[in-house]
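Right, one structure below, let's go through it.
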There are 2 protein chains.
Amino acid sequence: MNKIIMSSHKTTSTAAPEKFGFRDVKREVFERIRNNKWGPGTQLPGEVELASTFGCSRATVNRAMQELSDDGIIERRRKGGSHVKLAPIRQVKFEIPLVRVEVESRGSEYRYQLISSEVMAAPHWLQVRMDLQVASPVRHVRCLHSADGAPYQYEDRWINLFAVPRAEDANFSKIGPNEWLVNEVPYTNAEVRFGATNADHTISQHLKTIDGDPIFLAERSTWHAGVQVTFVRLYFPRGYQMIAKY
Amino acid sequence: MNKIIMSSHKTTSTAAPEKFGFRDVKREVFERIRNNKWGPGTQLPGEVELASTFGCSRATVNRAMQELSDDGIIERRRKGGSHVKLAPIRQVKFEIPLVRVEVESRGSEYRYQLISSEVMAAPHWLQVRMDLQVASPVRHVRCLHSADGAPYQYEDRWINLFAVPRAEDANFSKIGPNEWLVNEVPYTNAEVRFGATNADHTISQHLKTIDGDPIFLAERSTWHAGVQVTFVRLYFPRGYQMIAKY
DNA sequence: CTCATTTTTATGTATAGACATAATAAAGTT
DNA sequence: AACTTTATTATGTCTATACATAAAAATGAG
């Protein structure tokens, strides 16, 4: 299965000449970097050289190197050539699924419960947070997501009705505002901030924890076409862990 | 600056025929998806059709669509064609830089301080955590990272000396174990878990917080070539926020 | 020597053409 | 109708070629 080139020459006589696709090239180059054969800072061979080394076209090498660059493994500059990154600032990727999907994928029974909902003028702190015009109408929704009957996430959300007028009449008693918004206003830009906080009385009441318990808090701001659509605070009870791999 | 195609026909007579590169194609397609012109689930035109629409080659369209697929915007299947994703499970990307770099990029003065270091046999809980052979030698290092004199991150790290023998004699009094490891064993696989916890006495002492204060906790396990290299717990005082955009 | 100009070069991007592959659709068989 | 086989088709990938572009390196002027 594994295609490995031992020497840097084109092909040894014994091995089958198996064509190198861009995946093979990518894996090979990455392997050499990992093995410290090409350590941090090393200038890599040019695309033409690599192409002849691996017996493929420059376009193929180019795609491989392009992806390695996207992955943050190497840096490329015109004329300067490709270099192994000095500080491997590797990026973590993870998906933020719908709560419902997240709960169900753990094999738990998902339940949603609307706690409160009201339409009002944006309070001052929110105007600042959401960069709103003074007194824009917003819908404030609070709800609870449970897994197997136990509180899983407390959601405190503000929706900009100027950006999403239809949210004023949306019915959030059965599906949560997040799921509704995702269908209504897909493909937004967002910024998430993670941190820790204490449970105040309201939170501990809904999450069934004790006042002062540590809470994992995620704040998300979401934009569409330049205007902020929603601002939400998600509270997770102690023990919740968000997992990311890279 | 903005190149916008109004109709779906090749080119209108008035507008300049400006060539569409893969970026233009990508932006155009994404724009139509965002505008709900092509809503969730919609089957997109085939590559040949798009190519003639935008007046470029199929390869160009292919690259644009490939990237949209990588970005999680669309789904592609051979013969099935390209579809706008139903549930836009957008992925969050963020970088985990070196603490030093993180602090310095905020314009603060970084300081590092070694608290303790000892070589020992792995305690039982760690053996389980790191999937080690019984009683592998490990180096336990605790240290503190500060920004402008204020505690920024308390680091509690275990290094598998079987995987990284040179770590036994490494000097961690001036540069931290993370920075050392990143240079010694680059390009590893890792898993990070985020959560919230309470400050116990040790933590609150070093982070200068009060016992019981909420702490943002990140646990990271790192592998190289199949064996776990290190396990680290990072404690951030209240107020710390990790920011991710997407 | 210093500075501005030209040349060189590695990567960036686009293209037409070719074949591979997976999966659907269509046709044929029982 | 249910099943098998074949054809069709959209995407996946590779190639050779071409030109663009940024930046280093070489060159020349003062």
Side-chain angles (χ1 to χ4, degrees), chain A residues 1 3 5 8 10-11 16-30 32-33 38 41-86, chain B residues 1 3 5 8 10-11 16-30 32-33 38 41-86:
Chain A
M1 273 306 180
K3 300 170 192 172
I5 279 200
S8 61
K10 294 196 179 186
T11 323
E18 299 190 46
K19 255 187 205 164
F20 263 57
F22 77 96
R23 290 162 195 288
D24 304 306
V25 174
K26 186 179 174 183
R27 198 184 39 238
E28 250 304 299
V29 172
F30 180 64
R32 295 186 186 188
I33 291 173
W38 289 331
T42 307
Q43 163 137 18
L44 303 178
E47 293 188 346
V48 258
E49 189 180 336
L50 286 174
S52 90
T53 299
F54 293 127
C56 60
S57 76
R58 185 170 83 86
T60 304
V61 172
N62 182 277
R63 178 159 180 190
M65 300 298 269
Q66 196 73 250
E67 290 200 1
L68 283 172
S69 172
D70 289 344
D71 294 347
I73 310 294
I74 66 175
E75 273 176 329
R76 331 188 65 205
R77 267 185 6 268
R78 274 178 166 133
K79 165 77 183 180
S82 300
H83 292 256
V84 180
K85 264 204 181 180
L86 282 167
Chain B
M1 274 302 181
K3 301 170 191 171
I5 279 201
S8 61
K10 294 195 180 188
T11 325
E18 298 191 47
K19 255 187 202 163
F20 263 58
F22 77 96
R23 289 162 195 289
D24 304 307
V25 174
K26 187 180 174 184
R27 199 185 38 240
E28 250 303 300
V29 172
F30 181 64
R32 295 187 186 188
I33 291 172
W38 289 329
T42 307
Q43 163 137 18
L44 302 178
E47 294 188 346
V48 258
E49 188 179 336
L50 286 175
S52 91
T53 299
F54 294 125
C56 60
S57 76
R58 185 169 85 85
T60 303
V61 172
N62 183 277
R63 179 160 181 191
M65 300 298 269
Q66 197 72 251
E67 291 199 0
L68 283 172
S69 173
D70 289 344
D71 294 346
I73 310 294
I74 66 174
E75 271 176 333
R76 330 187 67 204
R77 270 190 358 273
R78 275 177 167 135
K79 165 76 183 179
S82 301
H83 292 257
V84 180
K85 264 205 182 178
L86 281 167

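The figures here come from the full heavy-atom set of this structure, side chains too, leaving out hydrogens, waters and symmetry mates. Numbers restart at 1 for each chain; the letters A, B, ... are given by sequence-line order, proteins then strands. As the structure is a computational prediction, the values presented were derived from the model and not from experiment.
Rounded to an integer number of Å, the gap from A:E47 CD to D:dC14 P is 14 Å. For the pair B:L50 CG and D:dG12 P, the computed distance is 13 Å after rounding to whole Å. Between B:K79 atom NZ and C:dA23 atom P there is a gap of 12 Å when expressed in whole angstrom units. Atom CD in B:E75 sits roughly 19 Å away from atom P in D:dA10 (whole-Å rounding). In this structure, A:K26 places its NZ atom 11 Å from P of D:dT13, rounding to the nearest Å. Separating the CZ atom of A:R23 from the P atom of D:dG12 is a distance of 10 Å, rounded to the nearest angstrom. Taking atom CD of residue A:Q43 and atom P of nucleotide D:dA24, one finds them 11 Å apart after rounding to whole Å. The distance between atom CZ of B:R76 and atom C1' of D:dT11, rounded to the nearest whole Å, is 6 Å.
Annotation: of the two residues near DNA chain D, B:M65 and A:C56, the 5′-most nearest-nucleotide partner is B:M65. Residue B:R63 is the one, among B:R63 and B:R78, whose nearest nucleotide of DNA chain C lies closer to the 5' end (criterion: closest heavy atom).
Across all non-hydrogen atoms, the minimal contact from A:F22 to A:T60 is N-CG2, 3.4 Å. Contact between B:R76 and B:Q66 at its shortest, heavy atoms only, is NH1-N, 4.0 Å. Scanning all heavy atoms of the two residues, the minimum distance from A:M65 to A:L50 falls at CE-CD1, 3.8 Å. Taking each heavy atom of B:Q43 and B:G81 in turn, the nearest pair found is NE2-CA, 3.9 Å. Of all heavy-atom pairs between B:A64 and B:V25, the closest is CB-CG1, 3.7 Å.
Using a 4.0 Å heavy-atom criterion, one finds that A:G80 contacts no nucleic acid atom at all. Residue contacts for B:R58: at a heavy-atom cut-off of 4.0 Å it reaches a base atom on one of the strands shown.
At C:dT13, none of the side-chain N or O atoms of B:T60 fall inside 4.0 Å of OP1 or OP2 (strictly under the cut-off). Contact between the side-chain N/O atoms of A:N62 and the OP1/OP2 oxygens of C:dT13 is not found at any separation under 4.0 Å. Phosphate contact (OP1/OP2 of D:dA10, side-chain N/O of B:S82, threshold under 4.0 Å): absent.
Considering only side-chain atoms of A:A59, the nucleotide from D:dG12, C:dT13, D:dT15 that sits closest is D:dT15.
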